[in-house]
Amino acid sequence: MTVSRVVRGAVGVAVLLVVAEIAGRTGLMDTQIMPLASTVLAGAAGLAVDSEFLHDASVTVEVWAEGLLLAILLAVPAGVLLGSLPKVEIGLRPLIEFLRPIPSIALIPLVTLIMASGGAVKVTIVVYAACWPVLVNTMYGLHDVDPVARDTMRVFGFGRLAVLLRVALPSAAPFVLTGVRLAASVALVVAISAELLSGGEGGIGVYIIKAGSGYRIDLMLAATVWAGLIGLVVNALLVRAERGLFRWHAARAGVAQ
């Protein structure tokens, strides 16, 4: 089933590229504005051995990884606290619902005023954006704990901490990893967006700005292709990890459906 999905996805992308190539070669699309798909793909292949782009890509990946890691370290304990203590969650829910919809990119001017380092600004923005999927999924996972298992532990004399460690957290782990997977995609988008808006010494977003200033639309799109490929690889790895670590959760969900 997974293989068939991959094949269907690859066929869909191939069809789109062929249509775009035909549209450019037949004059239906202005190649001065939108280069041929083959030109963009050739440019993307060239970027794989371009030292300048590789440096920029490494800067983006570093910001993404650092921001995602900090978000996990902050959001998971906060989600466990809120999910375990209903009264605390009720008290903080209005604040969470107020902060969560605020676009992280809109905070760039404020964070820039507070922090002198451009790298710290981008990491902070990524952390803010990536925290919410992890936090919400952690809370949801703790709410989804089997009440029978929890009550059974309590009947046998286990305290709240033991129930949390032995029942609640293992049960919530698949939800936490799902939150991390969602946050990883959000973090990459926000990291590149922050580079596009705030600039800096490097990054895929900065490379795109430089290519645009030189009217190299093909390189702009080629760099965008690489951004998409990085996101695709990260998501695929996390999906694989999720399925490998929590087969029991997928089986239970299938039975429930």
Side-chain angles (χ1 to χ4, degrees), residues 1-2 5 64-107 123-155 158-191 231-232 234-257:
M1 187 175 186
T2 302
R5 288 181 178 178
W64 165 81
E66 186 175 346
L68 181 62
L69 178 59
L70 289 174
I72 294 171
L73 294 177
L74 291 172
V76 172
V80 170
L81 177 66
L82 295 175
S84 304
L85 302 175
K87 291 183 180 179
V88 176
E89 180 183 350
I90 292 173
L92 293 179
R93 174 67 73 171
L95 179 62
I96 293 173
E97 295 303 327
F98 171 75
L99 293 175
R100 192 157 62 99
I102 297 177
S104 56
I105 300 301
L107 299 176
V123 171
T124 301
I125 297 299
V126 170
V127 170
Y128 181 85
C131 268
W132 301 115
V134 181
L135 176 67
V136 172
N137 275 273
T138 302
M139 293 167 55
Y140 181 79
L142 288 171
H143 294 163
D144 194 61
V145 174
D146 185 359
V148 175
R150 184 175 52 205
D151 293 341
T152 301
M153 290 283 290
R154 289 176 179 170
V155 167
F158 289 93
R160 174 172 292 184
L161 181 60
V163 174
L164 176 65
L165 295 176
R166 299 191 180 193
V167 176
L169 289 181
S171 178
F175 296 91
V176 175
L177 186 54
T178 298
V180 171
R181 179 166 58 85
L182 297 174
S185 299
V186 172
L188 182 60
V189 172
V190 171
L232 185 65
V234 169
N235 184 73
L237 291 175
L238 290 174
V239 168
R240 188 179 183 88
E242 188 175 352
R243 290 176 178 172
L245 293 172
F246 305 116
R247 294 181 184 275
W248 57 268
H249 178 72
R252 191 181 73 173
V255 172
Q257 292 175 355

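Note that this is a predicted model, so its numbers are computed, not measured. Start at 1 with the first residue, then count along the sequence.
- Residue pairs meeting the salt bridge (charged side-chain N to carboxylate O under 4.0 Å, His left out) criterion with at least one member in residues 70-89, sequence neighbours excluded: Glu89-Arg93.
- Listed by chain and residue number, Ser193 satisfy the side chain to side chain contact (heavy atoms under 4.5 Å, CB included) test with Val189 (two or more places apart in sequence, or in another chain).
- Evaluation of the salt bridge (charged side-chain N to carboxylate O under 4.0 Å, His left out) test over residues 68-84, restricted to residues two or more places apart or in two chains, returns none.
- One finds the CG atom of Leu69 at 10.0 Å from the CH2 atom of Trp64 (value rounded to the nearest 0.5 Å).
- The nearest pair of heavy atoms linking Val190 to Ala129 is CG2-CB, 3.6 Å.
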Query raised in the report: Going through the checks in order, is the side-chain contact (heavy atoms from CB on, under 4.5 Å) test met by Val76 and Val134?
Result: CA-CA 7 Å; Val76 172; Val134 181; 3.6 Å; yes

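- Here the closest heavy-atom approach between residue Val80 and residue Leu142 is recorded as CA-CD1, 3.3 Å.
- In this structure the side chain of Arg100 reaches within 4.5 angstrom of the side chain of Val136, judged on heavy atoms.
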Report task. Show the numbers, then the answer: is there a side-chain contact (heavy atoms from CB on, under 4.5 Å) between Leu188 and Val234? Result -> CA-CA 10 Å; Leu188 182 60; Val234 169; 6.0 Å; no

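- With sequence neighbours excluded, no residue satisfies side chain to side chain contact (heavy atoms under 4.5 Å, CB included) with Leu232.
- Pairing each heavy atom of Pro94 with each of Gly91, the nearest pair is CD-O, 3.6 Å.
- When all heavy atoms are compared, the tightest approach of Leu68 to Ala130 is CD1-CB, 4.4 Å.
- Of the possible donor and acceptor atoms, none in the side chain of Asn235 sits under 3.5 Å from a partner among the backbone N and O of Gly231.
- Nearest approach of Val126 to Gly67, heavy atoms of both residues: CG1-CA, 3.8 Å.
- Evaluation of the side chain to side chain contact (heavy atoms under 4.5 Å, CB included) rule for Ile102 yields Phe98, Leu99, Leu107, Tyr128 as partners, not counting sequence neighbours.
- Summarising the geometry, atom CZ belonging to Arg243 is positioned 12.0 Å from atom CG belonging to Leu238; distances are rounded to the nearest 0.5 Å.
- Ala172 and Gly141 get closest at one heavy-atom pair: CB-C, 3.6 Å.
- Counting heavy atoms from C-beta outward, Leu92 and Leu82 have side chains that approach closer than 4.5 Å.
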Check: residues 174-187 side-chain donor-acceptor pairs under 3.5 Å, at least two apart:
unit_1, atom_1, unit_2, atom_2, d
Thr178, OG1, Pro174, O, 3.0
Thr178, OG1, Glu242, OE2, 2.7
Arg181, NE, Glu242, OE1, 3.1

